[in-house]
Amino acid sequence: MEAVKEQWKQRVAEALREVAVDHQIDPTAVEAESVVVETPPTPELGDIAFPLFPFARIFKTAPAKIAAEVAEKLTLHSEAAAAGTVQVAGPYLNVALKMVSLAGEVCASVLDERDSYGRGQSLQGTKVMIEFSCPNTNKPLHLGHLRNDALGESVARILGANGADVQKVNLINDRGIHICKSMLAYKKFADGATPESEGLKSDHFVGKYYVKFDQWSKQDPQAEPQAREMLKAWEADDPEVTELWRRMNRWTIEGIETTYAKTGVSFDKIYYESQTFKRGREEVLKGLEKGTFYKEADGSVWVDLSEIDLDRKVLLRSDGTSLYLTQDIGTAIERHQDWPFERMIYVVASEQRYHFKVLFHVLKKLGFGWADNLYHLSYGMVNLPEGKMKSREGTVVDADDLFEQLQAMAAEEIRSKDREEHVGDVEKAAAAVAQAALNYYLLQVAPARDMIFNPEESISFNGNTGPYLQYMGARISSMLRKYEDRKAEFSDGNFQPELLEASEERSLIKLLAEYPEVVRRAGEEYNPNLITTYLYDISRTFSKFYHDHPVLHNDDPNVVITRVTLVRAILQVLQNAYFLVGIPFLERM
RNA sequence: GCGUCCAUAGCUCAGCUGGAUAGAGCAACGGCCUUCUAAGCCGUAGGUCGGAGGUUCGAAUCCUCCUGGACGUACCA
């Protein structure tokens, strides 16, 4: 579609130059770049629109008159006349495309390229590292992580679809005082219990002790100092503490990996802060030697941020230990050595904007040119219809609990529709529906905005939801199965694109043709919501199309074959787009 | 205080680099199942795009100010 628009843009520019000559104006004043290409508000007006206001000044003529003159020139171009019909609507020049060739080409390329249809080259070969999730090992994932994971995974897939060489990385926060708190509570209260002995998912088991520490510390002022003692012991490689730390981290990480598997998230490389945190300290000390940073009398090391209109920031505590920022400095440098990326994206909540501003600046100050290619993809908070999630009030929505709730609702829906026989494994289908509901709902909203997650709404099978989109794929699959059964009846038919003349068919063809553009833009903007919007658009159009235009129930085998071809192409594009936003494809539901 | 981000229908969200009467879904009301899954489709109603200026032939979109909200501004992460 982009190519088609570009062709028309050139044609209009050419016609404008001819008009310029008629008006005795220098034709070089008309540049193709200044010709704006748009889509008319309604399909009846045409498929491509050119507003001609900008030329009114150059031509000293009313835009409507220019439109008429350009239209006249275009009708004389035989090539243009063959590609579409030009019509003037006031100051707009609209083109109604002759769909036959576009329909034929689009269906052919979709069915020929299959999974690759929509893939672009805009980032061909670019090495992009993307960091997301970054859980702590003292508790399970919550709803906020789910938005992070959905965004990270989706952006990674979208960048990959634009040709980038993507590496997804996770940074597990497995050290620090908060980790020691759950360890200490376990040591004190667990009496040797294990996730198995208590029948709990292992990360939830660890989380229980983190909560327990919190309760204990409210009653006993000795709790906090003891946790600090434990951190010291950990840093001194105390064998007993290290052993406990390993065991509990393993529990948490195993549990979290189960959650990743359910929601469709994965990583190419996992970093652990326990392994990278010392690196940052070394880099800061190097910077101190070079005079990039300075030391206070108490021994703490600082960076002056006045160059970016900020105050100053501590990089090493007076006792010489690192901070969050220090660690991220080390991790970034290590990563760039491991895999020299050309771009690095951090998917982290917007509350850490300041942190990344400082981090990028510090890396730049240290002389790393690649610091310019670091990007913080920040996103807003996820709240519930009941209000904000607050960990102190225990209103944080656990990721697994939420998923389970969604899955149960989906299973209930399948049963209430008497579809158990049809879908086969109900729980498996329900899990796929839950995943679609979750990812679609989370990605539908532009990242920068705070959002409200409504579980009931997300799982609904009608409306603008993941399950609705999935349902369209299932409907097409079902239709194609029926077609395969009756194939012989239509053996006389041929694909004849001129038969696709209904307005819904025209819309569908244009949508199919636009898909590669949507993928490209989503990649440029790091924004999956362009894909979700597209998916809903094409699904709704398809839904209307097959409601009004029978595909298989048709006497003309040519119509059947032609529509089946169109429908196949739609299914292919749906599947390609599903993948980009984490919606599992279901053949039956 | 200062900084960053957000503000569109009752609710949840779209609205592309400024362009033709601002779009969906949910909720409400009303239609449509001897025909490819009614988990659907169609229609009705609902908006001075937070407010005020400005730039422009043209602003939900760009600029300034104001209001409201979120988040930062730790030797926490």
Side-chain angles (χ1 to χ4, degrees), chain A residues 36 38-42 45 49 51-54 56-57 62-63 89-92 94 134 136 173 176-178 273 296 298-302 309-311 313-328 349-355 357 378 380-381 383 385 388 410 413-414 416-417 419 422 433 441 444-446 448-454 456-458 460-465 467-468 470-472 474-483 486 517-518 521 524-525 527 529-530 532-533 536-537 540 543-554 563 567 588-589:
Chain A
V36 177
E38 281 171 2
T39 307
T42 62
L45 288 167
L52 295 173
F53 305 96
R57 183 166 293 167
Y92 292 88
N94 295 324
C134 304
N136 293 329
N173 186 325
I177 190 78
H178 52 299
E273 283 195 357
E296 282 287 342
D298 64 2
S300 56
V301 177
W302 296 74
D309 291 324
L310 297 174
D311 196 7
K313 190 87 184 170
V314 193
L315 295 173
L316 288 177
R317 292 191 185 93
S318 47
D319 64 5
T321 56
S322 331
L323 290 104
Y324 174 45
L325 184 62
T326 325
Q327 291 175 37
D328 262 4
S350 57
E351 57 198 8
Q352 291 187 35
R353 278 200 144 95
Y354 180 86
H355 169 77
K357 200 171 173 184
S378 85
M381 314 205 41
N383 298 313
K388 288 190 55 140
E413 187 70 18
I414 291 167
S416 75
K417 299 281 172 198
R419 311 274 313 157
H422 191 261
V433 172
Y441 203 94
Q444 205 193 352
V445 181
R449 286 176 61 128
D450 287 351
M451 66 176 290
I452 293 175
F453 188 89
N454 185 332
E456 298 265 345
E457 199 177 294
S458 76
S460 168
F461 286 71
N462 40 32
N464 187 357
T465 67
Y468 169 84
Q470 245 173 346
Y471 176 61
M472 288 308 141
R475 286 299 298 268
I476 295 177
S477 304
S478 165
M479 189 190 291
L480 292 176
R481 279 194 300 272
K482 292 203 159 79
Y483 167 75
R486 300 169 48 195
E517 238 173 289
V518 175
R521 277 192 45 219
E524 281 167 5
E525 296 176 23
N527 190 355
N529 110 341
L530 297 173
T532 59
T533 304
Y536 183 63
D537 222 20
R540 211 161 39 101
S543 194
K544 187 175 159 67
F545 157 71
Y546 88 100
H547 183 267
D548 297 345
H549 306 281
V551 175
L552 302 177
H553 295 173
N554 208 299
R563 287 188 176 154
V567 163
R588 297 166 186 273
M589 58 186 290

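Chain letters run A, B, ... following the sequence lines, proteins first and then strands; every chain starts at 1. What you see is a predicted model, and the numbers here were worked out from it, not measured in a lab. Excluded from the calculations below are hydrogen atoms, water molecules and symmetry mates; all remaining heavy atoms, backbone and side chain alike, are included.
For B/U4 and B/C41, the P atoms lie 44 Å apart once the distance is rounded to whole Å. When the C1' atom is compared between B/G51 and B/U44, the two are found 32 Å apart, to the nearest whole Å. The gap from the P atom of B/A22 to that of B/A39 amounts to 34 Å, rounded to the nearest Å. Comparing the C1' positions of B/G68 and B/G50 gives a spacing of 8 Å, expressed to the nearest Å. A distance of about 13 Å separates the C1' atoms of B/G47 and B/U21, rounded to the whole Å. Rounded to whole Å, the separation between the P atoms of B/A7 and B/C49 comes to 14 Å. Rounded to whole Å, the separation between the C1' atoms of B/C26 and B/C65 comes to 37 Å. For the C1' atoms, the distance linking B/A45 with B/C36 amounts to 33 Å, nearest Å.
Using modelled atom types, no side-chain atom of A/Ser460 and backbone atom of A/Glu457 make a donor-acceptor pair closer than 3.5 Å. Side chain of A/Arg317 to backbone of A/Ser300: no donor-acceptor contact under 3.5 angstrom is found.
Glycosidic conformation of B/C33: syn, with the torsion inside 90° of 0.
In a base pair of the Watson-Crick type (N1 to N3 plus N6-O4 or O6-N4) or a G-U wobble (N1-O2 and O6-N3), with each distance short of 3.5 Å, B/C49 is matched with no nucleotide. When both pairing distances are held under 3.5 Å, B/U37 makes no Watson-Crick or G-U pair with any nucleotide shown. Under the Watson-Crick and G-U wobble criteria, each requiring two contacts below 3.5 Å, nucleotide B/C13 is paired to B/G23. A 3.5 Å limit on both hydrogen-bonding distances identifies B/C6 as the Watson-Crick or G-U partner of B/G68. Of the nucleotides present, none pairs with B/G18 by Watson-Crick or G-U wobble criteria with both distances under 3.5 Å. Under the Watson-Crick or G-U wobble criterion, with both distances below 3.5 Å, B/G58 is left unpaired in every strand shown.
Between A/Arg449 atom CZ and B/G15 atom P there is a gap of 9 Å when expressed in whole angstrom units. Going from atom CD of A/Glu517 over to atom P of B/C16 covers 14 Å, rounded to whole Å. Atom pair A/Tyr324:OH and B/A74:C1' shows a separation of 14 Å (rounding to whole Å applied). Atoms CD (A/Gln327) and P (B/A74) sit 18 Å apart, rounded to a whole Å. Protein atom CG of A/Asp548 is 13 Å distant from nucleotide atom C1' of B/G43, rounded to whole Å. Atom CZ in A/Arg317 sits roughly 10 Å away from atom C1' in B/A77 (whole-Å rounding). Protein atom CG of A/Leu310 is 8 Å distant from nucleotide atom C1' of B/G3, rounded to whole Å. A/Arg353 places its CZ atom 7 Å from the P atom of B/C6, with the value rounded to the nearest Å.
Set against B/A14, B/A20, B/C13, the side chain of A/Asn94 has B/A20 as its closest nucleotide. Of the candidate nucleotides B/A77, B/C71, B/A20, B/C71 has the atom nearest to the side chain of A/Met381. The side chain of A/Lys482 lies closest to B/U37 when the candidates are B/A20, B/U37, B/A24. For A/Asn136, the listed nucleotide lying nearest its side chain is B/A77; candidates were B/A77, B/A20, B/A38. For A/Tyr441, the side-chain atoms get nearest to B/U12 when compared with the rest of B/A20, B/G15, B/U12. The listed nucleotides are B/C36, B/C76, B/U12; the one nearest the side chain of A/Leu323 is B/C76. Each of B/A77, B/U37, B/C36 was ranked by its minimum atom distance to the side chain of A/Pro550; first place goes to B/C36. Checked against B/A14, B/A24, B/A20, the side chain of A/Ala49 finds its nearest nucleotide in B/A20. In the set B/A77, B/C41, B/A20, B/A77 carries the atom at the smallest distance from any side-chain atom of A/Glu273.
For a distance-only test at 3.5 Å, the side chain of A/Asp537 fails to qualify as a donor-acceptor partner of the base of B/A14. Between the side chain of A/Arg419 and the base of B/U37, a donor-acceptor pair under 3.5 Å is found.
Phosphate proximity of B/U37 to A/Ser478: present, with a side-chain N or O under 4.0 Å from OP1 or OP2. Side-chain nitrogen and oxygen atoms of A/Thr533 include none within less than 4.0 Å of the OP1 or OP2 phosphate oxygen of B/A14. Contact check, A/Lys417 against B/A39: a side-chain N or O comes under 4.0 Å of OP1 or OP2. OP1 or OP2 of B/A38 has at least one side-chain nitrogen or oxygen of A/Arg475 nearer than 4.0 Å. OP1 and OP2 of B/U73 both lie 4.0 Å or more from every side-chain N or O belonging to A/Lys357. A/Tyr468 has a side-chain polar atom (N or O) that falls below the 4.0 Å cut-off from OP1 or OP2 of B/C41. Considering only side-chain N and O atoms, A/Arg521 lies nowhere under 4.0 angstrom from the phosphate OP1 or OP2 of B/U17.
No more than 12 heavy atoms of other residues, nucleotides or ligands sit less than 6.0 Å from atom CZ of A/Arg57.
In this structure, A/Tyr536 and A/Phe461 both approach RNA chain B, and ranking their closest nucleotides by distance from the 5' end singles out A/Tyr536. Closest-nucleotide positions on RNA chain B for A/Phe453 and A/Thr465 were compared, and the one nearer the 5' end corresponds to A/Phe453.
Contacts of A/Ser318 with the nucleic acid, taken as non-hydrogen atoms under 4.0 Å apart, include base atoms. In this structure, A/Pro385 reaches neither bases nor backbone, as no heavy-atom distance under 4.0 Å exists between it and the strands shown. A/Val445 comes within contact range of the sugar-phosphate backbone alone, with a heavy-atom separation under 4.0 Å but no base atom that close.
Checked against a 6.0 Å centroid threshold, the rings of A/Tyr471 and A/Phe461 do not count as neighbours.
A 4.5 Å side-chain heavy-atom check between A/Leu323 and A/Lys313 finds every atom pair outside the cut-off. Proximity of A/Val567 to A/Tyr546: side-chain heavy atoms (C-beta onward) are nowhere separated by under 4.5 Å.
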- [ ] Apply the test side-chain contact (heavy atoms from CB on, under 4.5 Å) to residues A/Met479 and A/Arg563: give CA-CA distance (whole Å), side-chain angles for both, the deciding distance (0.1 Å), then the verdict.
- [x] CA-CA 11 Å; A/Met479 189 190 291; A/Arg563 287 188 176 154; over 6 Å; no
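Scanning all heavy atoms of the two residues, the minimum distance from A/Ala89 to A/Leu45 falls at CB-CD2, 4.5 Å. Nearest heavy-atom pair, A/Met381 versus A/Asp450, reported as atom, atom and distance to 0.1 Å: N-OD1, 2.9 Å.
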